[in-house]
Amino acid sequence: MAGTQAFWIDAAHEGTQERYGEQLRKWRHVFAAAEGEPGSGGITLDPLHFALGAWEVATRPMAESAYVRCHPRVLDATCHRAEETRGPLAVVELAVPAPFPLPDGWSTWHRQNGDDPAYVAPPYERPTALTTLELRVPLAADRLPTPTRARADGLPNLDDAQASLEALVAELNAVVTPFLRELD
């Protein structure tokens, strides 16, 4: 895990960037230029559309793990265009302790053992109280890099996707990481 950061790009495992590149090819339809959008080889050059596609592909579980990894308290993180707002929005859900002591016999989040010590709920046969914190983060679309060009017709550029992810990870970390420091 990368310290107390909320998100990081998984560069520690060999071949993860190559697997991400394979996923970009598989999910190239999320990068298709929409009508009226600038494009190159059928791929959008709209910074927001491209970044949202890069995030969606990077946070999908691949063979072993997602390309963008997250702190064990992060239960879910989505980036999308919210219908109610003009700009992009990230929604991050964190596992948090109960705000008051639980009655005897009740369980809450616990960390699983292993390489990915995520917070998980106890089995369903136990009485369980789970509390979460939902962070809704408006994203600064003007800070996203503009994609340069498609590598080949219909294929998103891995370097552009990497740059978009780095921008999103930095922006989300600036907002979410202080909450994690308070919780841990």
Side-chain angles (χ1 to χ4, degrees), residues 1-34 37 39-82 87-95 114-120 134-152 154-177 179-180:
M1 183 170 75
T4 313
Q5 292 297 305
F7 303 96
W8 65 96
I9 296 172
D10 185 5
H13 297 93
E14 188 175 325
T16 54
Q17 188 174 40
E18 290 81 13
R19 282 194 300 281
Y20 179 57
E22 291 169 14
Q23 293 298 314
L24 289 174
R25 286 186 289 281
K26 270 187 200 173
W27 292 91
R28 63 181 166 247
H29 62 278
V30 301
F31 298 93
E37 262 184 357
S40 167
I43 299 298
T44 184
L45 294 181
D46 175 72
L48 178 57
H49 180 168
F50 194 91
L52 295 177
W55 181 266
E56 182 180 347
V57 174
T59 55
R60 290 181 174 279
M62 292 188 280
E64 297 149 21
S65 62
Y67 187 53
V68 170
R69 304 286 306 269
C70 56
H71 187 278
R73 283 195 182 277
V74 175
L75 301 173
D76 190 35
T78 60
C79 295
H80 60 281
R81 284 182 211 246
L89 180 70
V91 179
V92 180
E93 186 180 15
L94 302 177
D115 293 337
D116 187 18
Y119 280 79
V120 295
E134 182 178 279
L135 304 174
R136 296 179 183 181
V137 183
L139 299 171
D142 60 341
R143 292 188 193 150
L144 296 172
T146 301
T148 56
R149 59 180 165 62
R151 287 273 180 193
L155 294 177
N157 183 321
L158 178 60
D159 293 335
D160 289 339
Q162 184 79 25
S164 292
L165 290 177
E166 289 170 2
L168 286 172
V169 164
E171 191 167 351
L172 288 172
N173 277 339
V175 174
V176 178
T177 299
F179 285 91
L180 295 173

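Applying the side-chain contact (heavy atoms from CB on, under 4.5 Å) criterion to Leu180, with sequence neighbours excluded, gives Thr4, Ala6, His71, Arg73, Leu94, Val176. For Glu134, the side-chain contact (heavy atoms from CB on, under 4.5 Å) partners are Val91, Arg136, not counting sequence neighbours. Legend: residues meeting side-chain contact (heavy atoms from CB on, under 4.5 Å) with Pro145, ordered by chain and number and at least two apart, are Ala163, Ser164, Ala167. A search for salt bridge (Lys or Arg N to Asp or Glu O under 4.0 Å) contacts involving Asp76 returns nothing, not counting sequence neighbours. Residues passing the side-chain contact (heavy atoms from CB on, under 4.5 Å) test with Ala141, sequence neighbours excluded: Pro88.
Shown here for Gly154 and Pro156, the closest heavy-atom pair between the two residues is O-CD, 3.9 Å.
If you take CG on Leu89 and SG on Cys79, they are separated by 8.5 Å, rounding to the nearest 0.5 Å. Atom CD of residue Glu18 and atom CD of residue Glu22 lie 8.0 Å apart, to the nearest 0.5 angstrom. Of the inter-residue distances, the one linking Tyr67 atom OH with Arg19 atom CZ reads 10.5 Å to the nearest 0.5 angstrom.
Although no hydrogens or angles enter the test, the distance criterion places no donor-acceptor pair under 3.5 Å between the side chain of Tyr20 and the main chain of Val57. The backbone N or O of Thr148 sits less than 3.5 Å from a side-chain atom of Asp160, completing a donor-acceptor pair. Here the side chain of Asn157 pairs no donor or acceptor atom with the backbone of Ala150 at under 3.5 angstrom. Checking side-chain atoms of Thr16 against main-chain N and O of Asp10 turns up a donor-acceptor pair under 3.5 Å. Proximity of a side-chain donor or acceptor of Arg28 to a complementary backbone N or O of Arg25 within less than 3.5 Å is detected.
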For this session: Assess whether side-chain contact (heavy atoms from CB on, under 4.5 Å) is satisfied between Val169 and Val68, documenting all intermediate values.
Result: CA-CA 8 Å; Val169 164; Val68 170; 4.2 Å; yes
Exercise. Would Glu56 and Arg60 count as a salt bridge (Lys or Arg N to Asp or Glu O under 4.0 Å) if you check the C-alpha gap in whole Å, the side-chain angles of each, and the deciding distance to 0.1 Å?
Worked result: CA-CA 6 Å; Glu56 182 180 347; Arg60 290 181 174 279; 2.9 Å; yes
For this session: Kindly indicate, with the supporting measurements, whether the criterion side-chain contact (heavy atoms from CB on, under 4.5 Å) is fulfilled by Thr59 and Phe7.
Result: CA-CA 10 Å; Thr59 55; Phe7 303 96; over 6 Å; no
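Annotation: side chain of Leu24 is in contact with side chain of Phe31 (closest heavy-atom distance under 4.5 Å). Side-chain contact between Leu135 and Glu93 is absent, with no heavy atoms from C-beta onward closer than 4.5 Å. A 4.5 Å side-chain heavy-atom check between Val92 and Val74 finds at least one atom pair inside the cut-off.
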Give every donor-acceptor pair under 3.5 Å between a side-chain atom in residues 45-53 and any protein atom, sequence neighbours left out.
residue, atom, partner, partner atom, Å
Asp46, OD2, Leu48, N, 3.4
Asp46, OD2, His49, N, 2.7
Asp46, OD2, Arg81, NH2, 3.2
His49, ND1, Glu37, OE1, 2.9
His49, ND1, Glu37, OE2, 2.9
His49, NE2, Val30, O, 2.9

